[in-house]
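To keep things clear, I will list the structure first and then write my remarks on it.
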Amino acid sequence: MLNNKLYFIYMAKVLTSRAENYAQWYNDLVIKADLAENSAVRGCMVIKPYGYAIWEKMQRALDDMFKETGHQNAYFPLFIPKSFFSKEAAHVEGFAKECAVVTHYRLMNDPDGKGVVVDPDAKLEEELIVRPTSETIIWNTYRNWIQSYRDLPIKINQWANVVRWEMRTRLFLRTAEFLWQEGHTAHATKQEALEETETMLKVYAKFAEEWMAMPVVQGYKTESERFAGALETMTIEALMQDGKALQSGTSHFLGQNFAKAFDVTFTNQEGKIESVWATSWGVSTRLMGALVMSHSDDNGLVLPPKLAPIQVVIVPIYKKLEELDQINGVADKIVAELKQLGISVKYDNDDKRKPGWKFAEYELKGVPLRLAIGPRDLQNGTCELARRDTLTKEIVPLEGIGSKAVSLLADIQSNIFKKALDFREANTTVVDDYEEFKKLLDDKGGFFLCHWDGSAETEERVKNETKATIRCIPLEGPTEPGKCMVTGKPSARRVLFARSY
RNA sequence: CGGGGUGUAGCGCAGUCCGGUAGCGCACUACGUUCGGGACGUAGGGGUCGGAAGUUCGAAUCUUCUCACCCCGACCA
């Protein structure tokens with residue numbers, strides 16, 4: 001009676017398949033799985049409760065990691081005086097084209113009686129920018145907080161929304177307003193700031209791999225891909241199932257650029273005045289998109305147990321309400337046992353939905369484990385356990401169901417990571433010939449490890465000719481020197497190319 | 001921001017060419033039978049046809065303007 005694995009019979013498809021149209025599959029899934037939807041405001045989304053629950057779990061895990069590495073949370077204003085933006089030249093350059101600007105502070109009734117209009121007399125002295133990122137307001141504030149090396153380091157994070165006026169938006173991947181965290185740290189030495197930059201990249205990589213079950217390549221951005229105003233940008237890059245890369249988190253070494261722009265200096269131990277060294281780092285709700293595209297299949301979401309709002313769902317199967325009563329008794333005990341073990345469990349005994357409907361629904365929503373109890377199980381002291389990642393089911397005894405669930409959840413977490421890692425390895429190609437690179441980019445996609453001569457011209461040429469960009473100069477991986485695949489000039493090491501989101 | 005497409009019931013669509021007062025499937029409500037992979041029957045309810053203006057006796061349908069969304073580019077996390 002045990003271990004009789006059955007395979008699923010699929011009923012009506014509600015999703016476009018990945019093979020048919022990957023982009024449509026993603027859009028369908030985000031909406032059908034109740035993660036988010038488009039709002040009445042152009043380019044802005046509504047994150048729905050189920051999607052937000054996942055984000056909250058991400059926040060919790062990241063926030064704990066930030067605290068463990070010595071950071072504190074704070075909050076800075078949504079609005080930034082326009083003049084702040086013009087202080088750091090590269091920074092302005094990077095963000096000027098996508099800023100929302102507040103020009104007035106009052107509405108009035110339309111003199112023509114057609115609703116309300118902006119009161120022309122209520123023009124702001126200085127216009128306010130809705131933050132696209134907070135370096136300027138934060139460094140303007142840090143100036144007042146820092147006098148001596150004794151005031152350093154300052155290691156602050158804020159959870160906030162930011163606005164970047166994007167032309168073309170996609171749920172989670174690119175929206176005009178999004179949620180994120182931005183860390184902003186101030187240090188006495190260059191070395192310490194560099195270490196902070198790397199530490200936080202490692203935090204992101206650890207989070208991506210251990211919580212999201214999403215393998216990432218860590219590395220440095222090339223100069224042209226760097227954050228506006230940064231001396232060095234580090235990134236974690238993930239590979240999506242359609243063979244495109246997704247930049248999933250960045251950590252920037254800002255040097256003394258912002259300190260100089262905002263005149264943030266400190267007196268060192270020798271009594272000399274120096275500029276402060278800075279970092280900033282962030283991940284956003286874009287991670288939700290990464291999560292969806294890393295593991296999910298044509299039946300719906302596949303969530304890593306560590307981030308799943310519901311880890312186990314219990315579905316009763318019954319004909320008569322007396323049977324349901326009996327099952328309720330058994331299920332309540334299972335719920336108590338699982339909760340005891342720290343598992344988030346939902347017992348769905350809603351009489352208005354049928355088992356088949358519930359199966360499909362929770363599969364669509366990516367619940368890692370489903371436990372079904374019917375009349376046969378009541379007799380045998382068993383239940384049916386179905387795992388979302390492999391789509392397999394087995395009949396198991398109720399005795400010891402708690403530890404069984406714990407080990408299965410752990411197994412699912414590691415299995416989907418392994419699956420994603422295998423996919424990435426199968427889709428990472430070492431190429432030395434530019435023509436072959438172009439061909440494989442179209443035929444196969446994925447990551448490419450190639451030699452590059454280090455020039456922005458070559459990088460630009462590859463981008464124009466193939467739409468592929470250098471995702472990063474990896475921290476790990478092959479480091480043997482060679483010849484640039486495009487120009488044949490010497491190359492210190494291979495870099496990671498891909499088409500990206 | 002350029003090119004293309006789509007807006008008709010909560011969702012997915014037909015009807016638009018050729019103007020005559022709106023229909024189908026799912027969902028919803030009630031009852032009954034069902035319930036181990038999105039059940040079935042019977043009877044119901046629901047629509048400013050994206051918005052505005054115009055042509056006309058009459059507009060979902062024709063004209064102009066406008067808004068939103070989707071796809072492809074340019075830009076970006």
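Within every chain, numbering begins at 1; the chains are lettered A, B, ... in the order of the sequence lines, protein sequences first and strands thereafter.
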**Study point:** Shortest side-chain distance from A:N38, nucleotide among B:rC70, B:rG36, B:rG38
**Key:**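 Side chain of A:N38 sits closest to B:rC70.
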Practice item. Respond yes when some side-chain nitrogen or oxygen of A:N27 is under 4.0 Å from OP1 or OP2 of B:rC69, and no when none is. Key: no
Check your understanding: Hey, which of A:T197, A:T222, A:T250 is the one that makes side chain to side chain contact (heavy atoms under 4.5 Å, CB included) with A:T233?
Key -> A:T250
If [N] has a Watson-Crick or G-U wobble mate with both distances under 3.5 Å, name it; if not, just say none.
| N | result |
| --- | --- |
| B:rC65 | B:rG51 |
| B:rU34 | none |
| B:rC24 | B:rG12 |
| B:rG2 | B:rC72 |
| B:rA59 | none |
| B:rC18 | none |

Study note, to complete from the structure: Under a 4.0 Å heavy-atom criterion, the protein footprint on nucleotides 4-12 of chain B, written with B, S and -, is ---------
Exercise for review: Summarise protein proximity over nucleotides 72-77 of chain B in one line of letters, 5' to 3': B for base, S for sugar-phosphate only, - for none, counting protein heavy atoms closer than 4.0 Å.
Suggested key: BBB-BB
Practice item. Specify the residues of residues 235-242 of chain A, ordered by number, for which at least one heavy atom lies under 4.0 angstrom from an atom of RNA chain B. Key: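 Within this stretch, nothing sits under 4.0 Å of the strand.
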Review point. Between A:T469 and A:R471, does a side chain to side chain donor-acceptor pair (under 3.5 Å) hold up when you go through it step by step?
Key: CA-CA 6 Å; A:T469 50; A:R471 302 318 305 157; 2.7 Å; yes
Check your understanding: Taking for each residue the nucleotide of RNA chain B with the nearest heavy atom, is it A:S39 or A:F359 whose nucleotide lies nearer the 5' end?
Key -> A:F359
Exercise for review: Assign each of A:V41 and A:G374 to its nearest nucleotide of RNA chain B by heavy atoms, then name whichever residue's nucleotide is nearer the 5' end.
Suggested key: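 Counting from the 5' end, the first nearest nucleotide belongs to A:G374.
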Check your understanding: Touch check for A:G289, heavy atoms < 4.0 angstrom, all strands: base, sugar-phosphate only, or nothing?
Key -> nothing
Check your understanding: So what does A:R353 touch, heavy atoms closer than 4.0 Å: a base, only the sugar-phosphate, or nothing?
Key -> sugar-phosphate
Check your understanding: Checking A:R131 against A:F79: charged group under 6.0 Å from the ring centre and within 45 degrees of the axis?
Key ->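 No.
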Check your understanding: For A:D350, which of A:K354, A:K346, A:K352, A:R353 qualifies under salt bridge (Lys or Arg N to Asp or Glu O under 4.0 Å)?
Key -> A:K352
**Study point:** Close side-chain approach of A:F227 to A:W281, heavy-atom, < 4.5 Å
**Key:**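 They are not in contact (no side-chain heavy atoms under 4.5 Å apart), so the answer is no.
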Review point. Rounded to whole angstrom units, what separation is found between the CG atom of A:N349 and the C1' atom of B:rG36?
Key: 17 Å
Exercise for review: Measure the CZ-CZ distance between A:R286 and A:F178 for me, rounded to the nearest 0.5 Å.
Suggested key: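 Spacing of CZ (A:R286) from CZ (A:F178) equals 9.0 Å.
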**Study point:** Residue that, paired with A:S280, satisfies side chain to side chain donor-acceptor pair (under 3.5 Å) out of A:E196, A:E135, A:H252
**Key:**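 Testing A:S280 for a side chain to side chain donor-acceptor pair (under 3.5 Å) against A:E196, A:E135, A:H252 leaves exactly one candidate, A:E135.
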